[in-house]
Amino acid sequence: MSTPLRHFLGLKNFDEKSIREILALAARYKAERKAISWRPLAGQTWALIFTKSSTRTRVSFEVAIRELGGNALFLNGNDLQLGRGEPIKDTARVLGRMVHGTIIRTFAQSDVEEFARYAQIPTVNALTDDEHPCQILADIQTIEEKIGPITGKKIAFIGDCACNVARSWVYAAEILKFQLVLAGPDGYLSPVTNSFVTQSHDVKEAARGADVLYTDVWVSMGLEAEKAKRAAAFQGYQINHALLAEAKKNALVLHCLPAYRDQEISEKILEERQQDIFDQAENRLHAQKGILHWLSELPVE
Ligand code: CP
Ligand code: NVA
């Protein structure tokens, strides 16, 4: 019996062993970026279908694919027939006959899942309205490099706890067994939770004794019409010096980026902690290589 094709569609229902394999690969790729001879994507072409904007995810995947020996084909979702109503399943059937893997950034999680089902090639979720799993792997890599194993740590997520990034954090907390505290205003808490997660409106309480303070934008892509309403709702849900004073001494401050200064994070903190935050952004590249290699199932010597 052949083993099922690997995909990376989200952290929901994902497992610790696979995360650890990906992170170990990411660490090797980072430490040996110039010397490493693995080319798991040699002779392959991988498509990126993006219907939302991207800087980090797009560039890190395009560079990762090339450095792993493959070719990257960037496709703006709106330029495809998909944008004129061709069904996902037909797009998937076509790409499945032409390329070796696909990385998708879009709105509905079900679209990525449907694509994976019909394309029959490895498929990656590069952000949907539900999850941003690639981001969280790079975040965990960053945290473990800087403060050691994440298991048992307290991570405080401040701001829009209903967003995709927060939701992937919720799933990660259960898989890797760390304490996740989400603090956001009424109406902006996570719709999913588990026994490793607490949620409240109290930012100070969330930050108290935290090892990591983490935030994301107040207005996720696709929600631009809610900008004014959200700007009002999120007042007070900002990472700034007053909040950092509640956290553990030497607590890390992370942001998935892009950052909106003096909204979800103060300009001062962002600049003071830019080294860590841009190390985190750089780790997107190394983590993507870990994901792509893991999908290829090429044995590691
Ligand atoms: N953090 C992140 O995914 O950034 P981009 O939207 O620039 O890809
Ligand atoms: N929550 C944000 C993440 C951006 C990387 C969004 O979906 O726009």
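Only heavy atoms go into these numbers, but all of them, side chains included; no hydrogens, no water, no symmetry mates. As the structure lists them, so they are numbered: ligands from 1, and atoms in each ligand from 1. Please read these numbers as outputs of a predicted model, since none were measured by experiment.
With respect to Arg284 and Glu62, no salt bridge is recorded, no charged nitrogen being found less than 4.0 Å from a carboxylate O. The residues Arg39 and Glu67 are annotated as not salt-bridged, no charged nitrogen and carboxylate oxygen being separated by less than 4.0 angstrom.
Looking from atom 6 (O) of ligand 1 to the surrounding protein, the closest heavy atom is Arg105 NH1, 2.9 Å. Given atom 7 (O) of ligand 1, the protein heavy atom at minimum distance is Thr55 N, 2.7 Å. Of the protein's non-hydrogen atoms, Met221 N, 2.8 Å is the one closest to atom 8 (O) of ligand 2.
For ligand 1, the atoms closer than 4.0 angstrom to any heavy atom of Cys256 are 1 (N). Those atoms of ligand 2 with a heavy atom of Val217 less than 4.0 angstrom away are 2 (C). Close approach of ligand 1 to His132 is summarised as follows: ligand atoms under 4.0 Å from at least one heavy atom of the residue are 2 (C), 3 (O). Set against the non-hydrogen atoms of Leu257, the atoms of ligand 2 under 4.0 Å away are 5 (C).
Residue contact check for ligand 1: Leu257 places a non-hydrogen atom closer than 4.0 Å to it. In this structure, Arg284 has a heavy atom closer than 4.0 Å to ligand 1.
By the criterion of a heavy-atom distance under 4.0 Å, both the backbone and the side chain of Thr57 are placed next to ligand 1. When non-hydrogen atoms are compared, ligand 1 lies under 4.0 Å from neither the backbone nor the side chain of His255.
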Item to complete: Using the ring pair (Phe, Tyr, Trp, His ring centres under 6.0 Å) rule, take His293 and Tyr29 through it: C-alpha gap first, then chi angles, then the decisive distance, then the call.
Response: CA-CA 10 Å; His293 190 129; Tyr29 275 110; 5.7 Å; yes

Item to complete: Go through Lys153 and Ile143 one step at a time and tell me if the side-chain contact (heavy atoms from CB on, under 4.5 Å) criterion holds.
Response: CA-CA 10 Å; Lys153 296 270 187 318; Ile143 290 167; 5.5 Å; no

Worksheet item: Under the ring pair (Phe, Tyr, Trp, His ring centres under 6.0 Å) criterion, do Phe196 and Trp169 qualify, and how do the steps go?
Response: CA-CA 11 Å; Phe196 293 85; Trp169 270 114; over 10 Å; no

Worksheet item: Can you list the steps and then say if Arg208 with Glu246 is a salt bridge (charged side-chain N to carboxylate O under 4.0 Å, His left out)?
Response: CA-CA 5 Å; Arg208 200 156 297 142; Glu246 302 290 331; 3.3 Å; yes

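For Trp46 and Phe74, the distance between ring centers is not under 6.0 angstrom.
Considering each of Val219, Val165, Leu127, Asn164, the one bringing a non-hydrogen atom nearest atom 4 (C) of ligand 2 is Leu127. When the heavy atoms of Ser53, Pro258, Ser54 are ranked by distance to atom 8 (O) of ligand 1, first place goes to Ser54.
When Val112, Thr51, Thr128 are each tested for a side-chain contact (heavy atoms from CB on, under 4.5 Å) with Phe107, only one passes: Thr51. Evaluated for a side-chain hydrogen bond (donor to acceptor under 3.5 Å, both in side chains) with Gln109, the options Asn125, Asp129, Asp130 yield exactly one hit, Asn125.
Stacking of Lys89 on the aromatic ring of Phe115 is not recorded, the 6.0 Å distance cut-off and the 45° axial limit not both being met.
Ligand 2 has an N or O atom lying under 3.5 Å from an N or O atom of Ser220, backbone or side chain. Any N or O atom pair closer than 3.5 Å counts here, and Arg56 shares at least one such pair with ligand 1. When only interatomic distances are considered, the shortest N/O to N/O separation between Leu127 and ligand 1 does not fall below 3.5 Å. For a threshold of 3.5 Å applied to N or O pairs, the pair formed by Asp216 and ligand 2 contains at least one separation below that value.
Its side chain within the 4.5 Å cluster rule, Phe278 clusters with Ile158, Tyr188, Val203, Leu213, Trp218, Val219, Leu223, Phe234, Tyr237, Ile239, Leu243, Leu244, Val253, Leu257, Ile265, Ile269, Leu270, Ile277 among the Ile, Leu, Val, Met, Phe, Trp and Tyr residues.
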